[in-house]
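Step one of this worksheet: look at the structure below.
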Amino acid sequence: MNKLLIVKKIPITMRITCLLLCLIVFQLQAEDVYSQKTKISLDMKNTTIEKVLQTIEEKSDYHFLYNNKLVNVDRKVSVRVKDATIADILDRLFESENVEYQVEGNHIILLPKEKVKGLVSGVESVQQQQKTITGKVTDTNGEPIIGATILIKGTTQGTVTDMDGNYTLQNVPEDAILQFSYVGMETQEMPVRGKTVINVAMSEAAELLEEVVVVGYGVQKKVNLTGAVASVRGDELAQRPVVDVTQSLQGVVPGLIVSVPTRGGKPGQSFSLNIRGQGNLSGSDLPYVLVDGVEMNLADINPNDIEDISVLKDAAAASIYGARAAYGVILITTKKGEKGKMRASYQGNTAWSTPVNLPVMANGYEFAKYFNEGCINAGQTPQYSESQLAILEQYVQNPAGINCWPVIEDNYSMTTLYENNSRGVGSTDWFKFHYKEFAFKQNHNLSLSGGDKTSQYYVSGGYYGEEGLLEHADINYRRFNFNANLSSELTDWLKFKINSKYSLSNHRSPFGDGALNEGMFYHGLARFRPTVSPYDLNGNFSELSQVPYLRSGTYAKTNNSNSVIMGGFELTPLKNWNIFIDYTYKKGTTDYMAFATPATFIAIDGTTYIQNTRTELGIPDNGSFTRSMAASQYQSINFYTNYNFSLDEKHNFNLMVGYQEEDNTYKYLYSKVFDIISKTNPGINLATGDKNISETRNGWATRGFFGRLNYDFKGKYLCELNGRYDGSSRFIGKSRWGWFPSVSVGWNIAHEDFMQSMNHILNTFKIRASYGHLGNQSGAALYTFAQTMNISTKGTWYFPNGRDMIIWGPGTFDPNVTWEKVESSNLGVDYGLFNNRLTGSFDVFRRKTKDMLGPSEDVADMFGANPPNTNNAVMQSKGWEFTVNYRGKIGNKIDYSVGGMIFDAQSKVLEYSNPTFTNPSGNWYKGKKVGEIWGYKVSGIIQTQDEANEYNRVINTSYLTGIAFTPGDLKFIDLNDDKKINKGENTLGDMGDMTIIGNATPRYQYSLNGSISYKGLTLSVLFQGVGKRDYNPAGSNYFSGASSYAQTTVFKEHLDYWREDNHDAYYTKPYITGAGSINSFIAKTTGNTTDYYLQDASYLRLKNLTVSYDLPKVVTDKIKLSKASVFFSGENLFTITNMIGFFDPELVFVSSDGGKNYPLNKVYSVGLILNL
Amino acid sequence: MKKRYFKIISSLLLLFSFFLHGCFDLDKYPEGQLSTVNALSSTSEMEKYLNQFYESGVKIQPYGLATSTGIAYGDQQSDNMVNSAPNTRLAGLIALSDASKLNNYNYIRNLNFMIENINNNKEEGPEKKQCIGEAYYFRAWYYFQMIKGYGDITWVNKVLSIDEVKSPRDSRLVVVDSILHDLDIAILNLKEENSSATMRVHRDVARALKAEVALFEGTWQKYHRAKNDPFFSKDVTDAKIKNYLEQARDAAKAIIDRGVWSISQVGDKPYQDLFIMLDLSNNPEILFWKKYNAADNIGHSVTRYINEGGGQTGISQSLVDDYLTKDGNIYSKEQREKDQKIYGKELSPQIRDPRLSQTVCTPGTQMKPDGTQYQYPPLHVTTYHQNTTGYSMLKFNEYNTSYLPTVTGEGKSQAPAIQYRYAEILLIYAEALAELDGPGNADEIKRALKPLRDRVGMPGVDFDREYNTDPTYPFHNLDKYIQAVRRERRIELACEGHRFDDILRWAAADDLIAAKRPLGALFLNSSLQQENVSGGYYSGALVVGKNIQINEEGYIDPYKLQLPNGFGFKIDRDYLLPIQQRMLSLTEGLWKQNPGW
């Protein structure tokens, strides 16, 4: 993304990194004292003063300092002098202007005349006997501030600091108060009170009024924004020990919902992003992510390269992206080079991660007792005999000398015979067995930047490496990033820039296609009985430990590489008219290889044998080798132009129009071969068995015309119009093109004259409103106008020539499918009080998705297919966001800030074709809230046989189960009083005894942050949480513990179950029986959704705590660094939640069983920043 | 001023050149893929398209534990086998909330898609006709499965649009007639084959399905009408029933008359070996079968679970008792009780129909390729190697496999899934004859069944000798022809997953299932109990009333605690499955719920 041209032309060399558009500063090195000595010649016609000054800078060694708001440097002049002094030239340049200059060292400061007069007159009008004050003005890092103004309060008497930040002010009255001011810094007042030396450390202004925010195809002053845009500085996120910014954005941007992805906390996992809640029913409501204007995956971006992030949330902000941006936009701007000497910067950290939360399994004896009880409850023979129980109990107490493998019979028994049965003795916590205490990760980044007046560069490289937490499996992730950009002025009106990024990531694990089945591995961890030892008779890893499979040499490796090259021109044919043309080429490749080979076991008799029997893990007998390559190529051409002008100095206009084309192609080749000749060097050619090959080729293209008009009246009344006309290859005929306009208005009330009296308290008060239309094409198929027929290379049937290919039946389609149309409105307030120390905003929004591609409506089974997605539904999301931040100071030394935000969004279906309101718990219907959980209400656990008898007599429960209720079962409430527990007609009007008992939508997401710093030592914390959310664990054996024989999973929490001596138990009576009949039993307990077991998934988590220390300047100077700091940081340090102990409130929603997944990580890190 | 113009003009030129250069094409089409445009326009495409139905439109062997379904475990839902957990349907424990979606309509839609697009293929000839025949065959197959489960359903013979789905249930008679009509078209188009070697459906397979469907419907209507329960079609006539039975007879006879099929005599034990032979392509008994190859990960798990005599299942005493003696007589109660004192004696081929000892393990039977022999049923084991009845299944156990993972590997068993074998055709033929006119067809029935008896060295059928009139024998009220045919069917097809369908169509659940508890072998005072002493096979591990239940007479009674009142099968409800409630509301009441639900 490009900032507006004005920004590009600012050569900033002041030590503060300021974003000020208004301040244009030139700096020039020189050795001399006075401008009179240097003589230069100039011959310039009809040139801006700015140019002239630049030329003087080039020809002399002086730097000019001025504020372009106070000094008009855009005025055109002609200068023709020979061997003139700079003073002469300046006199001529500004003779008709209110401008005076002062020379301080090799700086020439240009100031409006009144000011200088004041300064000078101060010197001249010495009346009383007064004192001279000297001192130094620095920033908080101790860097001198050049050109800071010091005024005696209430007078025009004052001075400015020299290039070392020193000042001398004479004739200061004893009772004077000195005002220190500098643009971008907070003004400070210091009473003189007898002092003769007053040193001041200025800190950056709490809220920079003139802060600019990156928006679509440009930048805007924050004060002029009318859309809902949040922005985050990149360096606020870069220190976190996480893989990419998706994780560090959690709790940072109001309305941005960051959630754990389906793969859990595995190395290298990006988190999922969503803006303002569920936007449609097809799951295609992802935000549009652009990095420097190019659609990219955040996972491919080095967090250290990020300059800032803008999140565009409403239609006004996003509609310039039309059909790609229905559910918000995230704009990332990366760092660019700056003029000046080369700067080198290193940032790195090393970290140790550990699982946030692992379940604790019952020990072998507890498990066996529990299991027996479950069997007895289900009318089954208990599996563990008294003598087995005794051995298990003894083993738990002291395993020494106990044979873990009694009744072993033959070599076959060493294998899967110990699964799902009561053979064996042991007490294994499979989670503890398979997870490490700590895994290592590290991150290193180096960047170089610099340039001269015409060309600037930024080059960076980064490495991120993360090891997995699995003890016996090699699972890790590495990423390399390289980033280089260059911009160069070819002429004064033509600028060339090129921006390239490359990332390479590789992921390795024993899981994948052809390798071990990952889901089944985690599933196995939970369900394997603790009564089996992980070591077999000979002390080798047992089959059930899964270790031999993990170590068999099986692997899956994924290499992703992404390169982006963007080249372009910026033209300025006329003042205030800019043209941008750029071309982007992006290539992404995924190179995947997986080798699967059976595990080697050692049999009882010492012989080794190859085994692949755990086919749930998917290993073929003689091995398989899979290799696939995917390549996507994206090209885009953008050109846009803007022009800004003012009428009457009151009416300010900015007009932008542009055009974009995109083209994407995707190619994929897959091959898998069986019966591998060489285990050490597997290859597609080195196989004797079946060879499967498949390919995919597809593509899409879009074209869009867009424009924007900004208008403001004296910065008080703001208005913005946006529009985009988009076409997509996904649609055909009249459905192809869509028009997406938006309008937004703002009113800076604080700028009104009648508010001037409030200015000392209220600095910012702006009301914004927006309304607009957006489109979404991503839910639609690539080719909505034809239905493809899928192919399988091989079926499971053997024809005479072997397995044959299969052509599958076509799905259904609707050729009239078109865009989803999203109508979005937003109303917001920005406020800033007490010198903008207290700032924040409040927004309310509504987003209505019309013509939504609903999941196919439910139709009678005779249709024989999933009905096609059609634009048949309407959904609405409503919500609000509130942020508040306060920056304060305790004394002169301690800076602190506290802040918080809370937001909420809820979505509801307004239209959906389910006219009969059938099956409201499973289907969508008009009026359904997203996340709705339907269930039965339960009054508790039946305690006595009499109570059970009475319940069975009065209530007909045959809908749920054919088995009578007994003590220890749940007592379902007959809500509709018909003496039956059922779903009624299973329509909205008659759901029998079912009702809405909760909602899985995360509500009231909030975060709290704070930081406090003292002399370079800073402590900051970020808490993040969800205020209200429900999780339905029904049917999960991970939750229920007791289940069918093979699926029973017993954790410590499960031992609190109902039995005669534990009537207050949390869990009902366990039932354990065969898979065929277990449902009839658990229908009485954990099998049905009930309010009794609904989990409160709200939580508060300490997401990050960082302590950093900046080495003092005296130290850094000695080691020739401009900055050196160390920091310690922790992630996910603690969590407060009401969920049952083995659930993680963030992870539970992404895995079907709520826990069979790679856990989230707690991370401890130590890091270092060194700047040259 | 010149420079300004130059700037503007060159800027515009640059812009314009981009405009001309850009322009990626907005028209994109699927590449390298098949689509609905001119679909299935060659015979080869049709054939590959039909391959999908060989995935789902066939019977398979069970992959998982004994609770799963498939050929070898199918009879657990019947009086032939007993799983450790009672079958929910037999136990009357299916809840309305368990009703499933009618997914067979998905396959039917895909078949209708092909049938509608047949004319896209301009090629003609026997290959195309074969494809057409297969399409009709499979449509009939899927409809037949639905008829068996749900009774009346809606006949759909085109690709429906969403607006066309609201239609009522058609009478099962209409649907069955349509199925038979489809099969006639299939028979007309399919190739005539003399073996199963093409591994595709052929004319005799379609005839076999036709015979099966017609016999099913004929007997269903006949026996449910006789019981006057809610499950027969009210407008059915004697003539209609007779017509179905005749169609069954004729379709079976057409296969028999071709004279190319015969009963397999391959191997030492041709009967037992038939079910574990890895290649049946040229076996004269096999019309149609599915091959497994576990090295290719196309396998099942039957052997893994039964090769120690367990599998959490067992053969029922009722089935064991139904086998005739070696000389073709009813196995009398007196002799039985005497033989049962010594475990396994009653199974001996010296005493009983040899098919018994080739279906149920006898002591000394080889169980595994390492020579492990069967001694006693693993009643004391608590794992999936537990046996529930004292009778262990032998059929399908690959005792002599050379592929060792079969023995313990999940998904590594390879016993074929036989779809139709000639024996079944003979049994259908015999049953249709008996139902039509037992006395008149007596000789023809005997002739039809003779090859089955001959294979195992049993005497031919003698209706009088084999007639069991014992009042405790469930079918003692049937005439001797029908009784004999039904017994022969039960014995020959034991544990192949036919029995439950038979019980349904014979309306025999009241005699065989409802309120009955399946029993196992004699325990009390038998050698089983004698082994339950120190040093014996069970060495005291079996504790009656605790981990083994027996009835008053001393027989193993696996469900004594779980089902004290026997199976809860509701004879006015459980002959058909429930329809999902959503179907009733989605069709706005055009679909009604099945009786009793």
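Chain letters run A, B, ... following the sequence lines, proteins first and then strands; every chain starts at 1.
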Region of [X] in contact with chain B, defined by heavy-atom distances below 4.5 Å:
X         : answer
Ser422(A) : both
Thr665(A) : side chain
Thr812(A) : side chain
Tyr384(A) : neither
Asn982(A) : neither
Asn664(A) : backbone
Phe813(A) : side chain
Leu782(A) : neither

Test of ring centre spacing under 6.0 Å for Tyr292(B) and Tyr798(A): no

Could you look at [X] and say if it's the side chain, the backbone, both or neither that has a heavy atom under 4.5 Å from chain A?
X         : value
Tyr54(B)  : both
Thr88(B)  : side chain
Gln33(B)  : side chain
Asn112(B) : neither
Trp591(B) : side chain
Ser301(B) : neither
Phe53(B)  : neither
Leu40(B)  : side chain
Trp155(B) : neither
Val543(B) : neither

Taking [Y]'s backbone N and O only, do any of them form a donor-acceptor pair with [X]'s side chain (distance below 3.5 Å, no angle check)?
X         : Y         : answer
Gln380(A) : Ser84(B)  : yes
Trp797(A) : Met199(B) : yes
Gln581(B) : Gly984(A) : yes
Asp861(A) : Leu102(B) : yes
Asn919(A) : Arg582(B) : no

Largest heavy-atom contact set with chain A, pairs under 4.5 Å, which of [options]:
options                                    : answer
Gln549(B), Lys291(B), Lys166(B)            : Lys291(B)
Leu160(B), Asn106(B), Asn104(B), Leu111(B) : Asn106(B)
Leu50(B), Asn87(B), Thr154(B)              : Thr154(B)
Ile108(B), Thr198(B), Leu561(B), Asn103(B) : Thr198(B)
Lys101(B), Lys290(B), Met46(B)             : Lys290(B)
Val381(B), Thr587(B), Val58(B)             : Val58(B)

Using a cut-off of under 4.5 Å on heavy-atom pairs, state which of [options] scores highest against chain B.
options                                     : answer
Ser792(A), Gly379(A), Ser729(A)             : Ser729(A)
Ala860(A), Pro382(A), Ser1044(A), Ser958(A) : Ala860(A)
Glu695(A), Glu985(A), Gln635(A)             : Gln635(A)

Give, for atom [atom1] of [X] and atom [atom2] of [Y], the distance between the pair rounded to the nearest 0.5 Å.
X          : Y          : atom1 : atom2 : answer
Thr381(A)  : Leu379(B)  : OG1   : CG    : 10.5 Å
Glu47(B)   : Phe799(A)  : CD    : CZ    : 7.5 Å
Gln787(A)  : Ser35(B)   : CD    : OG    : 9.0 Å
Asn1079(A) : Ile94(B)   : CG    : CD1   : 11.5 Å
Gln562(B)  : Thr1073(A) : CD    : OG1   : 6.0 Å
Leu584(B)  : Thr918(A)  : CG    : OG1   : 9.5 Å

Show your working on side chain to side chain donor-acceptor pair (under 3.5 Å) between Glu55(B) and Thr796(A) and close with a plain yes or no. CA-CA 7 Å; Glu55(B) 301 291 312; Thr796(A) 62; 2.7 Å; yes

Any Lys/Arg nitrogen of [X] or [Y] sitting under 4.0 Å from an Asp/Glu carboxylate oxygen of the other?
X         : Y         : result
Lys28(B)  : Asp663(A) : yes
Asp296(B) : Lys794(A) : no
Arg736(A) : Asp27(B)  : yes

Minimum heavy-atom separation for [X] to [Y], with atom names?
X         : Y         : answer
Arg109(B) : Ala865(A) : CD-CB, 3.4 Å
Ala197(B) : Pro800(A) : O-CG, 3.2 Å
Leu26(B)  : Ser728(A) : CD2-C, 4.3 Å
Tyr959(A) : Ala95(B)  : O-CB, 2.9 Å

Side-chain contact, heavy-atom cut-off 4.5 Å: [X] with [Y]?
X         : Y         : answer
Ser385(A) : Asn547(B) : no
Phe863(A) : Glu164(B) : no
Leu34(B)  : Ile807(A) : yes
Thr961(A) : Leu93(B)  : no
Phe113(B) : Met789(A) : yes
Asp858(A) : Leu586(B) : yes
Met862(A) : Met583(B) : yes

Looking at Lys570(B), I'd like to know if its NZ atom is crowded, meaning that more than 12 non-hydrogen atoms belonging to other residues, nucleotides or ligands lie closer than 6.0 Å. yes

